[in-house]
J.: 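What follows is a structure written as structure tokens; I'll ask about it next.
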Amino acid sequence: MTARRHAEIAGAGFAGLVAAVALADRGWTVRVHERADALRAFGAGIFIWENGLRVLKAIGAYDDVVAGSHDGEVYEVRDRDRVVAETAFHAGMGSRMLTMTRQTLYAAILDWAERRDIEILTRSEVVGAEPEGVLLTAGGGRYAADLVVGADGVHSRVRDSLGLQKERNTGTLGLVRVLAPRCLDELGPGRWDRVIDFWNLPHRSLRILYVPCNGDDLYLAMMAPVEDVEATAVPVRTDIWVPAFPQLEPAIRRVSAEGRYDAYETGKLTRWSSGRVAIVGDSAHAMVPSLGQGAGLAMANALGLAVALDEISDVPDALARWEERERPLTEYTQDMSAKVARDRLGTAGRIWSDGTIRTALSVPTGTEHLPPVPEEEDIHAPL
Ligand SMILES: Cc1cc2nc3c(=O)[nH]c(=O)nc-3n(C[C@H](O)[C@H](O)[C@H](O)COP(=O)(O)OP(=O)(O)OC[C@H]3O[C@@H](n4cnc5c(N)ncnc54)[C@H](O)[C@@H]3O)c2cc1C
């Protein structure tokens, strides 16, 4: 009997947990190291598109995610009270756009990880890796493995210890992300079940993406330039945001006190691997969030990694095959996300087109066996 292959993973975020589940499903033993003292998601809400839903279906977490999420059937863009664009997703674009709290998505994936025989160590800070297949932790820990995965986010220590970074940029825009109650009885007339992209131009470059997450929770993504110290402040300054978006006053006044302003960070690598070490998720390909694809692609590439390792037994060869297969769509999405953010500066217009929806309609490696979503899909019906 051949010994099971073993993986050490840095980071229990979306990429790390999906990689863990996908590898465990293919016979690997897996240990995940998480720096934080508890397993939870940071951030408020999130969009997951058809490609991400297919990955969730492939690893088993789909039903729990769908049950706790909202189907944002229509994406509406408004400049103050004027509707300037409307896009219907199911029938019109062929992809669903599900919105949910980050915790809903995270808890569903974690639940599936916990059903496998995966060891997850909290308070285990990774400080680097060696290409021969060793993960290094603070305090001198050395964990040998057939495969090491750096899924430790945009500030990845694994990536940096191997000198793989090619480009890294911090943008001039960012978002305060907060949750609020839905406040449906207090908001005025309107289609408050939609995702609504509110702009306030040319008065001040502020924007609020209004995102229902479920029956109770609303996610507000409040965009402001880095240099706008008032609009980027947390707790949110109601004296700045309410006059700019009076339609949303009841929700803005009740946003959660915790939250954080994050400037957009992006990065590209020379290579996605070195020897037996693979870099996946934001550590490899952080992107501007304008298409809501960072986590979707992090999960897709984590699943694709496990598939490649199943196809090719030599680990470095499998990692090369994985990168060759997944990197073109990932970099296309990074570039398109940046272009959308640039093009929309100062103009509140239609965002969705064949080019911007392409990633959502892609079929991630390892999900080819799943049927396509029929038009008029009932989101509570199985894929
Ligand atoms: C404002 C904003 C909005 C976004 N909206 C969307 C959206 O709507 N849809 C979407 O798909 N994506 C969105 N994204 C992108 C998405 O959040 C990321 O792409 C996704 O979280 C990447 O997952 P990850 O697992 O690679 O990294 P992370 O989620 O950052 O997880 C990394 C994990 O590693 C841990 N870690 C870090 N360092 C160490 C260490 N040294 N040792 C051990 N553990 C460590 C962290 O604690 C964390 O648990 C958005 C991003 C931003 C900034």
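These numbers come from a predicted model, not from an experiment. The residues of the chain are indexed from 1 along the displayed sequence. Start at 1 and go down the list; that is how both ligands and their atoms are numbered.
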J.: When you look at CG of D117, are more than 12 heavy atoms from neighbouring residues, nucleotides or ligands closer to it than 6.0 Å?
T.: no
J.: Using a 4.0 Å cutoff against the non-hydrogen atoms of H33, which atoms of ligand 1 qualify?
T.: 43 (C), 44 (N)
J.: Does any N or O of ligand 1 fall below 3.5 Å from an N or O anywhere on I48, backbone included?
T.: no
J.: Can you tell me if A10 contacts ligand 1 (heavy atom of the residue under 4.0 Å from the ligand)?
T.: no
J.: Measuring from atom 24 (P) of ligand 1, which candidate in A15, A295, G11, G294 has the nearest non-hydrogen atom?
T.: A15
J.: Give a yes-or-no answer on whether the side chains of T359 and N51 include a donor-acceptor pair shorter than 3.5 Å.
T.: no
J.: List the closest protein heavy-atom neighbour of atom 5 (N) of ligand 1: residue, atom name, distance to the nearest 0.1 Å.
T.: R102 NH2, 3.6 Å
J.: Would you please classify the geometry between the F198 ring and the F245 ring as parallel, tilted or perpendicular, with 30° and 60° separating the classes?
T.: perpendicular
J.: To the nearest 0.5 Å, how far apart are CG in D217 and CE in M100?
T.: 12.5 Å
J.: Quick check on contacts: which atoms of ligand 1 are under 4.0 angstrom from a heavy atom of V126?
T.: 40 (C), 41 (N), 42 (N), 43 (C)
J.: Can you tell me how far apart CE (M97) and OG (S69) are? Round to the nearest 0.5 Å.
T.: 11.5 Å
J.: At under 4.0 Å between heavy atoms, is it the side chain or the backbone of A151 that contacts ligand 1, or both, or neither?
T.: backbone
J.: Just how far is it from atom OG of S283 to atom NE2 of H155, taken to the nearest 0.5 Å?
T.: 11.5 Å
J.: What is the distance from atom OG1 of T266 to atom CG of N169, rounded to the nearest 0.5 Å?
T.: 4.0 Å
J.: Among all protein non-hydrogen atoms, which one is nearest to atom 49 (O) of ligand 1, and what is the separation to 0.1 Å?
T.: E34 OE1, 2.6 Å
J.: Counting heavy atoms only, which part of R35 comes closer than 4.0 Å to ligand 1: side chain, backbone, both or neither?
T.: both
J.: Please classify the A36 to ligand 1 contact at 4.0 Å (heavy-atom distances, strictly less than): side chain, backbone, both or neither.
T.: neither
J.: Could you identify the single nearest non-hydrogen protein atom to atom 52 (C) of ligand 1 and state the distance to 0.1 Å?
T.: R177 NH1, 3.7 Å
J.: Does S124 reach ligand 1, in the sense of a heavy atom lying below 4.0 Å from it?
T.: yes
J.: Specify the protein heavy atom at minimum distance from atom 31 (O) of ligand 1: its residue, its atom name, and the distance to 0.1 Å.
T.: G13 CA, 3.5 Å
J.: Check whether more than 12 heavy atoms from other residues, nucleotides or ligands sit under 6.0 Å from atom CZ of R26, and answer yes or no.
T.: yes
J.: In terms of residue, atom name and distance, what is the protein heavy atom nearest to atom 37 (C) of ligand 1?
T.: D152 O, 3.2 Å
J.: Please could you name the atoms of ligand 1 that G153 approaches to less than 4.0 Å, counting only its heavy atoms?
T.: 27 (O), 30 (O), 32 (C)
